[in-house]
Amino acid sequence: MRMNTLSTSRRLAGCALALFASLQLAACGGGGSAPPPATPSASLANAATGPNVVAVSIRQLETNPNTITANTPYVSVTVCDANNNCQTIPDVMVDTGSAGLRLFASKVSLNLPGIPSGNGALAACAQFASGYAWGSMHLAIVRMGGETSTTAIPVQFMNDSARPAAPSTCAAQGTNFAARFAPVANGILGISNFIHDCGASCTASTPASERPAMYYACGNDTCIQTSAELSQQGTNPISTFPVDNNGSILSLPALPLPGGAISATGTLTFGIGTQANNALPAGAQLFPIGQDAYISGMIDGVAGRGFIDSGSNGYFLDLDSSVTRCTPDNPSSWYCPSNPVALSVQLAGTSTAQTLLIGNASAMFNTQFTALPALAGTAAIANFADLGLPFFYGRPIATGLEGTNPNAPDGYWAL
């Protein structure tokens, strides 16, 4: 894969929007312990089964009942050491917009080995659009369902108190993303189109002056920016599975529009076309991505670009002033039209447009439902579309890994 700093930043940008949306939901009056109204949970009909399938749930975070989240897809991930001592971490967010497994250090009791670097140990400053996630790098065998990585892979422990504080060059990336994300999930399962979270941009083959401030060697209470070879970088676990290693398919049920449901359950299936249970749906179209992970298209008839990202818990769009923003009491970064607004998104290479429905965020937050198919917020970039988790409801979406399809060398989406 040909890398550059721009593509590195993009790989981790998706989760930043998920964080922003979830925390704003709590600030909008979504927090508190009052139970939501009784309504059925939505389940996926004819869900795939098998050792390469794990359950995905969109629900209230079990380990933190005081923060109501929205459109946050959770799975359980097991990490093991070389002696087969294992720990299962629940409530890890599935993120098709970043690469690598990142767990909060406070949630991991297993003693997993660190990764040596220089005269110390390797640490990472994962760079998101809204800030950074600082933490140490460790080696772990990763298991999900019946799939196990063929070797121990680098995993980040976010907010690791055993390491020095984030150096100034890391903190300069913005706010402390990991600290703000802690109430939302126990970690991030990054299963994007990319195998590594930085790639060649962070290796020794790239001049130090051109590397992003992402990897550091920490020793004697000091962390110095360094390079990290591919074998040391945050790694998409799917790429290390023995067979089902070319991508994944996230399938979620269709939900009532615009209100949604109290919760929803679906599946994450590993591999694309490697077994009988992970063939692409009939009529599915493949959309190759560029090196920056974007795809072009039309947003309500206007040329634009964007990406598909389960780690963003709403649609994030730059819409004109005719679509009402929420009031300051329900932050204006969300859309609050008095009546639902239908938009069309047509991805490049197809004559068929996808219809998006934008609902009133304030009304949705007041229900305290966790599965909201019409939730949308603003984007700072003109003619840009972040097709977040609402885009996944009712349409299975495959995320193809780079290097696995000759027609899409940098990776692809298929739906």
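Just so it is clear, the values below take in all heavy atoms, side chains as well, and ignore hydrogens, waters and symmetry mates.
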With sequence neighbours left out, the residues meeting side-chain contact (heavy atoms from CB on, under 4.5 Å) with Ala385 are Ile299, Leu317, Leu387

Contacts of Ser168 meeting side-chain hydrogen bond (donor to acceptor under 3.5 Å, both in side chains) (sequence neighbours excluded), chain-then-number -> none

With sequence neighbours left out, what residues match Phe241 under ring-ring contact (aromatic ring centres under 6.0 Å, His included)?
-> Phe270

Are the ring centres of Tyr216 and Trp134 closer than 6.0 Å?
-> yes

How long is the span from the CG atom in Asn313 to the CD1 atom in Ile58, to the nearest 0.5 Å?
-> 11.0 Å

Does a donor on one side chain sit under 3.5 Å from an acceptor on the other, for Asp244 and Thr274?
-> yes

Applying side-chain hydrogen bond (donor to acceptor under 3.5 Å, both in side chains) to Asn84 and not counting sequence neighbours gives Arg143

What pairs meet the ring pair (Phe, Tyr, Trp, His ring centres under 6.0 Å) rule with one or both residues in residues 52-73, with sequence neighbours excluded?
-> none

Could you pull out all residues at least two apart from Thr370 that satisfy side-chain hydrogen bond (donor to acceptor under 3.5 Å, both in side chains)?
-> none

Check side-chain hydrogen bond (donor to acceptor under 3.5 Å, both in side chains) between Gln354 and all other residues, then give those that pass, not counting sequence neighbours.
-> Arg395

With sequence neighbours excluded, what pairs up with Glu229 under the side-chain contact (heavy atoms from CB on, under 4.5 Å) test?
-> Thr203, Ala204, Ser227, Ser231, Gln232

Do Phe391 and Phe307 have their ring centres less than 6.0 Å from each other?
-> no

State the CG-CD1 distance between Leu250 and Ile308, to the nearest 0.5 angstrom.
-> 11.0 Å

Can you list the residues that meet the ring-ring contact (aromatic ring centres under 6.0 Å, His included) rule with Tyr393, with sequence neighbours excluded?
-> none

How many angstroms lie between atom CG of Leu319 and atom CG of Leu343, to the nearest 0.5 angstrom?
-> 5.5 Å

Salt bridge (Lys or Arg N to Asp or Glu O under 4.0 Å) partners of Asp91, counting only residues at least two apart | Arg59

Return yes if a side-chain donor-acceptor contact under 3.5 Å exists between Ser136 and Asp160, otherwise no.
-> yes

One should read off an interatomic distance between Leu252 CG and Thr267 OG1, to the nearest 0.5 angstrom, of 7.5 Å

Return the set of residues passing side-chain contact (heavy atoms from CB on, under 4.5 Å) with Pro288 (not counting sequence neighbours), or none when no residue passes.
-> Leu286, Ala408

Nearest atoms (heavy-atom pairs only) where Thr226 meets Ser117 | CG2-OG, 3.7 Å

Going by atom types alone, do Thr399 and Thr96 pair a side-chain donor with an acceptor below 3.5 Å?
-> no

Results of ring-ring contact (aromatic ring centres under 6.0 Å, His included) for Tyr215 - residues two or more places apart only | none

Scan side-chain atoms only and decide if Ser312 and Asp386 contain a donor-acceptor pair under the 3.5 Å cut-off.
-> yes

Reported CG-to-OH distance for the pair Asn71 and Tyr315, which is rounded to 0.5 angstrom | 9.5 Å

